[in-house]
Protein chains: 2
Amino acid sequence: MTDVVVTRRERARAATIAEIKEAAFGLMAESGTIDVRFTDIARVMGMTPPALYRYYADRDDLLGDLISDCYEHLGAAVAQARDAVDPDDLGGRWYAAATAYREWARTQPQRFALIFGLPVPGYVAPEDGPTTEAAKRAMSQLGDLFVSAAQAGSLRPPLVTEVSDAIADCASDKHPELDGIVPPESFQAMLQAWASLHGFTCLEAYGHLDWVGDEARDALFRGHVAMIAQAAGIPVPN
Amino acid sequence: MTDVVVTRRERARAATIAEIKEAAFGLMAESGTIDVRFTDIARVMGMTPPALYRYYADRDDLLGDLISDCYEHLGAAVAQARDAVDPDDLGGRWYAAATAYREWARTQPQRFALIFGLPVPGYVAPEDGPTTEAAKRAMSQLGDLFVSAAQAGSLRPPLVTEVSDAIADCASDKHPELDGIVPPESFQAMLQAWASLHGFTCLEAYGHLDWVGDEARDALFRGHVAMIAQAAGIPVPN
DNA sequence: GACGAAAAGTTATGCTCCATAACAAACACG
DNA sequence: CGTGTTTGTTATGGAGCATAACTTTTCGTC
């Protein structure tokens with residue numbers, strides 16, 4: 001038995017990295033910005049700024065790690081909320097997943113902006129890199145919902161059934177796992193559902209729906225999610 | 001006849017301000033970022049950085065002006081595209097307006113991020129300030145579409161007709177001009193349409209739909225806009 | 001036309017932060 | 001113990017924001 005595959009130092013290093021990211025997220029939430037200063041992170045941690053360069057090459061390097069983490073968090077939040085609902089209640093699962101997406105974004109708009117905002121030119125997500133993988137995993141949490149529905153035979157045809165060849169080709173090319181399970185029109189509807197959910201989430205998280213008021217905004221979200229479900233062919237309980 | 005209400009100096013100043021903003025937008029497009037350096041603006045203009053402080057108090061001040069301009073630009077682009085289509089062809093008008101929204105965003109994602117990205121904490125839009133006014137004007141370009149449709153009696157009931165009292169109250173409170181013209185369920189549908197359009201636009205502008213490919217993305221957009229129109233009760237030519 | 005004030009632009013300067021270099025302390029492991 | 005790695009420090013340079021003090025240009029007015 002190798003009781004310690006990770007050395008004491010490796011654990012300490014991992015803990016420090018975790019603390020750095022925690023501090024970074026905390027400062028982002030506090031300042032309301034996406035721009036974290038090494039100086040501030042170091043101050044929070046009781047260190048001097050140059051010490052951080054032992055863990056990250058530069059600010060972009062840290063940013064990339066933060067982005068990966070955010071994708072993981074978001075994906076996990078969506079998956080957890082979705083799986084907490086009866087698998088047979090597809091409408092309920094969709095609502096739960098959508099709500100998790102929304103809540104994750106509006107409780108920490110900075111983290112949401114980190115992954116879905118204007119990409120920083122310094123950090124180009126490496127093809128098949130950890131960030132890209134994390135993004136795929138996170139978004140597939142929504143996609144799996146459609147797969148389950150299709151497999152259960154509960155997925156109804158979407159509102160828009162016309163599908164261009166380009167989209168059908170894209171589906172079978174980029175997502176061959178859907179072949180024979182999720183029809184092209186539902187693949188299209190899935191992307192539309194994501195885009196529609198994403199739009200509301202963006203507008204709310206960045207304050208563009210503040211004028212609506214809390215109660216009305218909640219109601220609007222419920223109506224929005226219901227609209228999307230109907231348009232996408234997700235069965236809602238009558 | 002007052003042949004010159006604006007003095008020579010005022011014109012020169014206005015021209016310089018326009019040049020500053022032009023330089024700022026150009027640098028944003030070039031760098032791919034939203035962060036413009038006074039140093040760079042000055043360099044482009046053949047000036048020294050401190051000279052810019054004669055025109056803007058600080059970077060946030062310039063930013064606020066840029067944001068207002070972006071709202072104006074976007075609103076004008078949407079209105080122009082919409083009004084270029086036969087007023088009786090509501091589906092066509094909606095498609096034109098949505099396409100203008102999309103194109104404006106994806107041709108210069110930085111400008112889009114400027115107005116719809118994570119708000120910079122430094123610049124708080126003053127209540128009823130020029131920026132807020134510009135935002136209202138811009139967004140009302142989409143709203144007017146629904147008003148026209150309703151007035152023409154061509155607006156059909158949306159996919160989701162259940163409306164909470166909070167939303168109905170919000171509509172008559174914040175937008176009394178719609179009272180008796182646009183029913184609450186269509187007001188709700190209008191916001192949902194905007195959110196859905198906005199979501200696709202955000203995802204595309206920031207590169208999150210690059211994997212789909214150009215042709216499929218165009219088709220997806222057309223399908224998305226068609227879906228939104230149907231869900232919102234905008235009559236589409238069968 | 002000439003003078004005084006205002007506007008516009010320049011150089012000089014301080015501050016903060018990113019990033020690197022050079023050095024010191026702590027720690028694992030033989 | 002003692003040696004090399006890891007982790008942290010202080011010292012330093014460079015870039016950019018912002019202000020201050022000074023110079024030049026421009027406009028209105030006598």
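So that the names make sense, note that chain A is the first sequence line, chain B the second, and so on, each numbered from 1.
Screening B:Y101, B:Y206, B:F221 for a ring pair (Phe, Tyr, Trp, His ring centres under 6.0 Å) with B:F200, the sole residue that qualifies is B:F221.
Side-chain N/O atoms of B:T39 include one lying less than 4.0 angstrom from OP1 or OP2 on D:dC17. When the side-chain nitrogen and oxygen atoms of B:T48 are compared with OP1 and OP2 of C:dT10, one or more of them lie within a distance under 4.0 Å. Phosphate proximity of C:dC27 to A:R8: absent, as no side-chain N or O sits under 4.0 Å from OP1 or OP2. Between C:dG9 and B:Y55, a contact under 4.0 Å exists linking OP1 or OP2 to a side-chain N or O.
Rounded to a whole Å, the CE atom of A:M47 is 13 Å from the P atom of C:dC18. Atom CD in A:E10 sits about 16 Å away from atom P in D:dT5, given to the nearest Å. Rounded to an integer number of Å, the gap from CG of B:L63 to P of D:dC17 is 12 Å. We find that CZ of B:R54 is positioned 11 Å from C1' of D:dT19, with the value rounded to whole Å. Taking atom CZ of B:F38 as the reference point, atom P of C:dT10 lies 15 Å away to the nearest angstrom. Atom CG in B:D61 sits about 10 Å away from atom P in D:dA18, given to the nearest Å. The CZ atom of B:R59 sits 11 Å away from the P atom of D:dG16 (whole-angstrom rounding). Distance B:R13 CZ to D:dT25 C1': 15 Å, rounded to the nearest Å.
Under the 4.0 Å criterion applied to side-chain N and carboxylate O atoms, B:R93 and B:D83 are assigned as salt-bridge partners. A salt bridge links B:D218 and B:R102; the closest N-O separation between the charged side-chain nitrogens and carboxylate oxygens is under 4.0 Å.
Here the side chain of B:D58 is nearest to one of D:dA18, C:dA8, C:dT10, namely D:dA18. In the set D:dT7, C:dC29, C:dC18, C:dC18 carries the atom at the smallest distance from any side-chain atom of A:Y53. Minimum atom distance to the side chain of B:P50 is reached by C:dA12, of the listed C:dA12, D:dT9, D:dA21.
Under 3.5 Å, the side chain of B:R37 and the base of D:dG16 form no donor-acceptor pair of N or O atoms.
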Derivation of the ring-ring contact (aromatic ring centres under 6.0 Å, His included) call for B:F38 and B:Y53
CA-CA 9 Å; B:F38 265 36; B:Y53 288 87; 5.1 Å; yes
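Each of A:P49 and B:R9 was matched to the nucleotide of DNA chain C holding its nearest heavy atom; the match closer to the 5' end belongs to B:R9.
Ring pair B:H208/A:F116 is perpendicular by interplanar angle, where above 60° counts as perpendicular and below 30° as parallel.
Note on A:Y56: nothing from the nucleic acid sits closer than 4.0 angstrom, heavy atoms only.
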